[in-house]
Amino acid sequence: MMSFAALVVGGAIFVGEAVGLGEPSGCAATAMIVDARANVPVTADSQQLRARIDAASASAQAAERATAREARRKHCVEALLAYADLAPEAYGRERGESEATRARQMAAATSAGVDGYVSPRGPVPASRPEQQWERRRRRLVGHTAASGVFTGIGVAMLTVPWIVLAASCRPESLCEGYGAIWASGFGAPIFVASVIPLGIWATRLHRHLRACPPGLALHRGRARLGLAGSGLRLDF
């Protein structure tokens, strides 16, 4: 049984080594070097520093072009160490020393067998004005609805017990309104604490709706409650 398990584990490791399982595509030094180049102005005094940046970039590109794992690691370590040497000149002493330390730590980890590769991150698309407006509208609607619910609870606790008491009382009987008094004692603070935020959020929502971007179609539909994963989702 143990021999079979060892055979399965060994086969998995062999396949992982053969296909490069879990090994991302880019050297971590690539993005660092790009940032350093962008931080160095193109002047006569910076020509030597920019030449060193180009050399470090060449090592990073060689790491990404290499097909053998050892070659990728070797070139990536060279790029990280080259970046560590030039970082203080590119960024200044304080940030440069921090960047150099980080690069040397990554180079040491890569040399020890830990991958120094990261998946290249694409630029995060900026939110369009219409998306920002819609996101804020949903947030304002949510706040307004929550305040409205608590305001309704407060109104119900203030009025319903007294209505029930008045409907159940007869002229010939003595009515005791202790329950209505207790309910009103809880309902009044809830009403006062929620009606003010309700007015604020409703006003903000009204102003936000008036500032709707031109050409944006506002769908005024009913709120829908549905299942989303392991919970409930309210769409409005």
Side-chain angles (χ1 to χ4, degrees), residues 1-132 134-135 227-231 233:
M1 187 67 178
M2 293 296 295
S3 300
F4 178 75
L7 180 62
V8 172
V9 173
I13 294 175
F14 175 78
V15 173
E17 291 285 338
V19 301
L21 184 62
E23 185 139 345
S25 58
C27 178
T30 302
M32 299 178 180
I33 295 169
V34 171
D35 291 340
R37 179 184 286 109
N39 197 63
V40 176
V42 182
T43 61
D45 296 333
S46 66
Q47 289 182 357
Q48 185 176 1
L49 177 58
R50 292 183 69 85
R52 294 167 58 193
I53 294 175
D54 292 338
S57 179
S59 297
Q61 292 174 6
E64 298 189 2
R65 289 194 303 265
T67 56
R69 174 175 297 184
E70 291 301 325
R72 288 198 301 268
R73 293 184 187 277
K74 175 179 177 296
H75 290 300
C76 190
V77 168
E78 292 175 353
L80 287 168
L81 293 178
Y83 171 80
D85 291 336
L86 61 87
E89 298 181 44
Y91 293 109
R93 181 176 180 180
E94 184 175 354
R95 181 183 174 185
E97 291 297 333
S98 175
E99 290 289 321
T101 301
R102 182 167 69 102
R104 291 191 180 98
Q105 290 174 348
M106 295 182 68
T110 304
S111 298
V114 180
D115 286 337
Y117 297 88
V118 294
S119 300
R121 292 183 179 180
V124 179
S127 299
R128 294 178 299 175
E130 294 82 1
Q131 294 174 332
Q132 297 176 359
E134 178 64 19
R135 191 179 300 115
L227 293 175
S230 59
R233 176 179 176 180

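Just so you know, these numbers come straight off a predicted model, no measurement behind them. Below, all heavy atoms of this structure are taken into account, side chains as well, without hydrogens, waters or symmetry copies.
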Review point. Do Arg72 side-chain atoms and Thr67 backbone N/O form a donor-acceptor pair below 3.5 Å?
Key: yes

Point to revise | Whether Arg50 side chain and Val42 backbone form a donor-acceptor pair below 3.5 Å | key: no

How long is the span from the [atom1] atom in [X] to the [atom2] atom in [Y], to the nearest 0.5 Å?
X: Leu80; Y: Gln105; atom1: CG; atom2: CD; answer: 11.5 Å
X: Glu99; Y: Glu97; atom1: CD; atom2: CD; answer: 11.0 Å
X: Leu86; Y: Tyr91; atom1: CG; atom2: OH; answer: 8.5 Å
X: Ile53; Y: Ser46; atom1: CD1; atom2: OG; answer: 8.0 Å

Residue pair [X] / [Y]: nearest heavy atoms and the distance that separates them:
X: Ala56; Y: Ala79; answer: O-CB, 3.7 Å
X: His75; Y: Ser59; answer: CB-O, 3.5 Å
X: Ala60; Y: Ile33; answer: CB-CD1, 4.1 Å
X: Ala100; Y: Ala87; answer: N-CB, 4.2 Å

Check your understanding: Residues in salt bridge (Lys or Arg N to Asp or Glu O under 4.0 Å) with Arg52, at least two apart?
Key -> Glu89

**Study point:** Those residues that, when tested against Asn39, pass side chain to side chain donor-acceptor pair (under 3.5 Å) (two or more places apart)
**Key:** none

Review point. Would you call Lys74-Glu78 a salt bridge at under 4.0 Å N-O?
Key: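 Glu78 and Lys74: salt-bridged.
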
